[in-house]
Amino acid sequence: MNYWLIKSEPDAFSIDDMEKARTEPWDGIRNYQARNFMRDGMQIGDRVLFYHSNTKPPGVVGIVEVASKAYPDHTAWDENSKYYDPKSPEESPRWLMVDFSFIEKFDAIIPLDTLKKEEQLEGMLTLRKGNRLSITPVEKAHFEYIDQMRAK
DNA sequence: GCCAACGTTGGC
DNA sequence: GCCAACGTTGGC
C-alpha cells in the first residue's frame, strides 16, 4: 500500500464535493511527474490525503482512496474540454487519470502552517517551498502522523 | 494582487 | 542540447 496527497482548489472541487460524489474521476492532470505517480505508483486501496490549495487557509481536509488503476484521460481528446490536448490523441493517450473514492472528512482542517511546525513531518514533499505538484507521494509515517493529528 | 518557484516551449 | 521566454501554481 502506498500513500499520497492530492491538491484541489475548493472553489473548483472541495472535500464536500468529494463527499457528495462518493467516487470522482480525477481528470485534467497535465503534469508528467503526477501522471507517472498515477501510472507507476498508485494501486487500488491506496490512502490519499485530500488537500485544499489556493484558499485560506490551505491544508489537509480529509482522506480519500484510490478506486481505480490509471486509465486514459478522455478529456484530452475532447475539443470542448478545457483539458483538451491535441498531442494526446485517442490512439496514443499521453495523459492518464484515476478515480478517487471518499473516505472521510476531518472535523477541522489541518492547516499548512500547523503541518510545517511538526518536526515529525520534516521533509514531506508538500511542505517544501515551491512545490507545485498536484499529486505527491507521502511517507507512511507522515500519513499516519497526520491521521492522528486530526484526532486531537 | 504580488511574486517566487518551477515546468514547458521553441529558437538557435 | 542549451537557455530565454513564457505560463501556471499557490502561498502570502
Side-chain angles (χ1 to χ4, degrees), chain A residues 2-21 24-42 46-66 70-100 102-139 141-150 152:
Chain A
N2 292 316
Y3 299 88
W4 310 92
L5 179 145
I6 57 172
K7 293 181 191 170
S8 188
E9 300 192 15
D11 288 346
F13 196 83
S14 70
I15 188 71
D16 292 320
D17 296 324
M18 188 73 224
E19 181 168 16
K20 273 181 228 147
E24 180 73 9
W26 212 248
D27 57 25
I29 301 292
R30 296 291 179 269
N31 172 283
Y32 289 103
Q33 260 185 287
R35 179 205 64 186
N36 294 347
F37 288 139
M38 292 192 285
R39 186 188 61 196
D40 306 328
M42 281 193 183
D46 282 358
R47 295 281 152 149
V48 183
L49 298 169
F50 197 96
Y51 178 93
H52 280 174
S53 66
N54 241 311
T55 188
K56 235 172 78 179
V60 176
V61 291
I63 294 175
V64 299
E65 73 174 352
V66 177
Y71 59 100
D73 183 343
H74 54 80
T75 62
W77 58 68
D78 173 4
E79 278 184 57
N80 297 315
S81 169
K82 63 174 170 174
Y83 300 125
Y84 175 62
D85 182 355
K87 292 177 199 157
S88 182
E90 202 163 345
E91 315 83 73
S92 57
R94 172 181 297 191
W95 303 117
L96 304 173
M97 61 184 179
V98 298
D99 296 345
F100 291 118
F102 177 81
I103 297 286
E104 87 182 285
K105 178 188 170 181
F106 293 169
D107 291 336
I109 187 171
I110 306 177
L112 177 61
D113 61 355
T114 302
L115 297 172
K116 280 181 174 168
K117 285 178 196 151
E118 297 291 333
E119 268 178 43
Q120 287 86 343
L121 298 177
E122 221 177 286
M124 192 174 155
L125 278 175
T126 320
L127 305 184
R128 284 192 202 160
K129 193 180 173 187
N131 173 58
R132 303 184 311 155
L133 262 183
S134 57
I135 297 178
T136 47
V138 174
E139 289 172 33
H142 289 166
F143 184 96
E144 287 172 351
Y145 189 78
I146 291 171
D147 193 30
Q148 63 81 28
M149 281 175 78
R150 153 196 66 124
K152 286 177 190 167

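Chain letters run A, B, ... following the sequence lines, proteins first and then strands; every chain starts at 1. Side-chain atoms are counted along with the backbone in the values below, which use heavy atoms only and exclude waters and symmetry mates.
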Between atom [atom1] in [X] and atom [atom2] in [N], what is the gap in whole Å?
X	N	atom1	atom2	value
A:Arg30	C:dT9	CZ	C1'	16 Å
A:Arg128	B:dA5	CZ	C1'	14 Å
A:Gln33	B:dC6	CD	C1'	10 Å
A:Leu125	B:dC6	CG	C1'	14 Å
A:Ile135	C:dT9	CD1	C1'	15 Å
A:His52	C:dG11	NE2	C1'	16 Å
A:Ile29	C:dT8	CD1	P	16 Å
A:Arg35	B:dG7	CZ	P	15 Å

Point to revise | Plane angle bin for A:Trp26 and A:Phe50 - parallel if under 30°, tilted between 30 and 60°, otherwise perpendicular | key: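 It falls in the perpendicular class, over 60°.
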Among the nucleotides [options], which one has an atom lying closest to any side-chain atom of [X]?
X	options	value
A:Ser53	C:dG10, C:dC12, C:dT8	C:dG10
A:Pro58	B:dA4, C:dG7, C:dG11	C:dG11
A:Lys7	B:dG7, C:dG10, C:dC12	C:dG10
A:Lys129	C:dG10, B:dA5, B:dT9	B:dA5
A:Tyr51	C:dG11, C:dT8, B:dT9	C:dG11
A:Asn54	C:dG10, B:dT8, B:dC6	C:dG10
A:Tyr32	B:dT8, B:dT9, C:dG7	B:dT8

Practice item. Output the distance between atom CG (A:Asp11) and atom OG (A:Ser53), rounded to the nearest 0.5 Å. Key: 9.5 Å
**Study point:** No-hydrogen, no-angle side-chain donor-acceptor test under 3.5 Å, A:Tyr3 and A:Glu139
**Key:**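 Result is no, nothing qualifies.
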Review point. Taking atom types as modelled, is there a side-chain donor on A:Arg39 or A:Asn36 under 3.5 Å from an acceptor on the other?
Key: yes
Review point. Would you say A:Lys116 reaches C:dC12's phosphate, i.e. side-chain N/O to OP1/OP2 under 4.0 Å?
Key: yes
Point to revise | Test side chain to side chain contact (heavy atoms under 4.5 Å, CB included) applied to A:Arg35 and A:Arg94, A:Arg30, A:Met97, the passing residue | key: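 So, applying the side chain to side chain contact (heavy atoms under 4.5 Å, CB included) to A:Arg35 and each of A:Arg94, A:Arg30, A:Met97, only A:Arg94 qualifies.
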Practice item. On DNA chain B, check which nucleotide each of A:Asn131 and A:Arg94 is closest to and give me the residue with the more 5' one. Key: A:Asn131
